[in-house]
Amino acid sequence: MDFKFTFFFDIMNLLGGDTLVVGVLVQLSNKNIDKIFDYTVRENFASKIKVGIRVEVPFGHQTLEGFVLEIKDTNTSGRKLKEIISIVDEDIILNEELLLLGKKIQRMTLATLISCYQVMLPKALKAKRGTIIHKKYDTYYKLGNISNYKFNEKQKLIINLFTNKELVLRRDILNISSSSLNTLVKNNILLPVKCERYRTCYDDKVVPKRKLTTEQNDVVNCFFQEHGFNTFLLHGVTGSGKTEVYMEFIEDALNKGKTSIVLVPEISLTPQMVERFQMRFGDKIAALHSALSEGEKYDEWRRIARGEASIVIGARSAIFAPLSNIGVIIIDEEHSDSYKQDDMNPRYNAKDVAIIRGQYHDCPVVLGSATPTLESFARAQKGVYKLLSLPNRVNGKKLPLVRIVDMNDEIKKSRGHFSRNLLTAMASKLNKGEQIILLLNRRGYSPFITCKNCGYTFKCPHCDITLTYHKTSNTLRCHYCGYGTKIYDICPSCNNKSITDLGVGTEKIEEELKTIFPDKKVLRMDVDTTSRKGMHAKMIKAFKDHEYDILLGTQIVAKGLDFSNVTLVGVINADTSLNIPDFRSSENTFSLLSQVAGRSGRSEKSGEVIIQTYNPDHYAIHFTKDHDYISFYNKEMQIRRMLKYPPFYFICYIKISGKDLKYIENESFKIKRSLDRNLGSTIILGPSACNIFKINNIYRYGIIMKYKKEENLYSVLEKILDHYKSDSKIRIDIDFNPSHF
Ligand code: ADP
Ligand code: ZN
């Protein structure tokens, strides 16, 4: 049958008595139901049916939404099929690439296929018909030609609004006078500009590109020598101009009429980065900002799908942006664990997805970092990834001088939690009007509240964890489940009045700073102070404008910030991340310290870093002194090899959880035995209680598997999942290459 005839035959089928049958994947996230069900299509819908559209179908007693994955021309099931109720939207939601991608992610993660499609889509497209809020536009005005125009008093007030601004919001002008506004618009003195809210308008302000440094040029040339799909690792120290290099790659893609994706660890935490992209590329950018409402995310998604934005910038899930014709995919700060979705299925890593999409579009993927993951750097060493290096800061600027303070002796001589070294350095910088960043990776006032008399410790009633004291709200709070309670001064166990707090969090440091430097302004930035929408960006701006002298915070202050007046970075306690029982704790510590150190001395003034620690000889701390990534890498690789951890072995983690402790304990051992029986070359550890054994009254056991090559692994795991799929007392989560245990 030739093509024309087949086509004719299909049409005849549609028009004739035989009805069209479609395979629909329903949106019901349940481990039992992840199957394609057949439905018939009524004649009036038939012409609109395409693979990848959303439809509404009857399912049991419910009405569910689903995606059309297959179109068949006959009912082969031998049963009478139900009919599709309606077509939700006529546009294709899942194009051919995304359909394939979902199937690949399903095979990689063993999650349900429907969860792999849902993760790609904004919430409004996932389940239930969402109320679609439409994009809000604001009207702004810019100045036209104002020479030779005689302004009256009111009009002068309006023109004054433009002193430091290019665009002024209509509302702000109306506050002065609506009739003056009308006159000025009529005379082309004020020109209207329509802008989407949440997007900054840079229409005339697109910033020209900088002349690249020799090092940047070499990297760019090296990149352009390769064609088609390749994975590059851009290893560049902090302030080496990686962002400028990314923009070169994107511009090249744009010139070829292609699109780009840029992933950043957490978009609300990197307003400066987004701003730089917007300044260079203007409205070609779609920023999938977490501040967007669901409706706005949906609109932005549609705009991208229609091809109206050619550069998408966003956090992890932006890797699924429905772009076609992708020319480059960039993952900034590739060491960040935020690229791994580890709290729900599918447990995918955006870096793996980037590589799959890169292969599909035959385009380069660029992973960039000052402290690449060991996995990525090892691949670059082996030539699997192509290594691009920027070993120096832009234009000969030096990396900051790092000093390490041993707190073992110093604590007796220190004031509060500040060593003499750190205090002296702080005082000297503050005297010169320079700014300081302080890192303490623990929020709240203190992480333990105990009784001095009997040793009683306040713990969360639902989780296996101590409660953190928050002085600002005078509460004890669980950082895992959110449980909160008032603090008592009498011990519930021995009734003595000897409650005391141990350890230190950001609130306590803030308090100490106020007594040490009473005339200096301290800005505390952690989850507690930045939870309100837009707060984070506001704080960054206020610090940049020097409304504060000291920025104190958790790891949020280590992320990609660029303040030219910061010349000192102090780490209050480098050991918090070192003490976490995880094979990556050294890597994470080295990375965090290097990143935060990189915030110092980024402009003309040279920078300094002081790291306080009780483990001054630990290599993860020691090697930050000379910004020596390579020595850290070599040392850590030896340890990983010895302990059979990545990148020498792959890891798969099975988490078994449930409310009934005895039951999940028993089943965990059964699973372990079945793995032992069926897997030949895999090292199987556990089951053992997770680091935090109980969260929200759910007990958790873990089994760790280390393997190099294990042909049967996926089928064995699938059998285990299948075995428990209808057991409501137990939950099994499988995590390949987990970011932590
Ligand atoms: P990284 O992303 O590697 O930390 P950035 O791209 O933020 O580095 O660059 C560090 C600083 O140097 C920024 O302030 C940036 O504007 C500036 N910069 C980057 N490239 C150049 C260049 N070619 N010429 C002048 N300044 C540059
Ligand atoms: Zn809790």
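Every number for a ligand or one of its atoms is a count from 1 in the order of the listing. Values below: all heavy atoms of this structure, side chains included; hydrogens, waters and symmetry mates excluded. All values reported here derive from a predicted model rather than from experimental measurement.
- Counting only heavy atoms of the protein, atom 20 (N) of ligand 1 lies nearest to Q216 NE2, 3.0 Å.
- P372 has its side chain out of reach of H335: every pair of non-hydrogen atoms, C-beta onward, lies at least 4.5 Å apart.
- Looking at T243 next to ligand 1, an N or O pair under 3.5 Å apart turns up.
- At least one heavy atom of G239 sits under 4.0 Å from some atom of ligand 1.
- The atoms of ligand 1 that sit less than 4.0 Å from any heavy atom of V237 are 3 (O).
- Considering only non-hydrogen protein atoms, atom 14 (O) of ligand 1 sits nearest to D562 OD2, 3.1 Å.
- Side-chain contact, Y629 with S594: no donor N or O sits under 3.5 Å from an acceptor N or O.
- Between T238 and ligand 1, no pair of N/O atoms sits closer than 3.5 Å.
- A parallel orientation is assigned to the rings of F632 and F590, their planes being inclined by less than 30° (bins at 30° and 60°).
- In this structure, the protein non-hydrogen atom closest to atom 19 (C) of ligand 1 is V394 CG2, 3.6 Å.
- H546 is listed as a side-chain neighbour of N565, based on a closest heavy-atom distance under 4.5 Å.
- Contact atoms of ligand 1 toward T213: 23 (N) (distance under 4.0 Å to a heavy atom of the residue).
- Here E587 pairs with R640 in a salt bridge; the nearest charged N to carboxylate O distance falls below 4.0 Å.
- Among the atoms of G241, some N or O lies under 3.5 angstrom from an N or O of ligand 1.
- Note on ring orientation: taking the six-membered ring where Trp is involved, the planes of F583 and Y645 are parallel (angle under 30°, cut-offs 30° and 60°).
- Close contacts of ligand 1 with R276, meaning ligand atoms under 4.0 Å from a residue heavy atom, involve 5 (P), 6 (O), 7 (O), 15 (C), 16 (O).
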Open item on the list: Pair Y348, F320 - check ring pair (Phe, Tyr, Trp, His ring centres under 6.0 Å), show working.
Closed with: CA-CA 12 Å; Y348 73 98; F320 298 114; 5.2 Å; yes

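- For E334 and K351, the salt-bridge test passes: some basic side-chain N is under 4.0 Å from an acidic carboxylate O.
- In K242, the parts holding a heavy atom less than 4.0 Å from any atom of ligand 1 are both the side chain and the backbone.
- Nearest protein neighbour of atom 17 (C) of ligand 1, counting heavy atoms only, is R210 NH1, 4.2 Å.
- Between E300 and R303 there is a salt bridge, with a side-chain nitrogen of the basic residue lying less than 4.0 Å from a carboxylate oxygen of the acidic one.
- For ligand 1, the atoms closer than 4.0 angstrom to any heavy atom of K211 are 22 (C), 23 (N), 24 (N).
- Proximity to R602 (heavy-atom distance under 4.0 Å) selects the following atoms of ligand 1: 4 (O), 7 (O), 10 (C).
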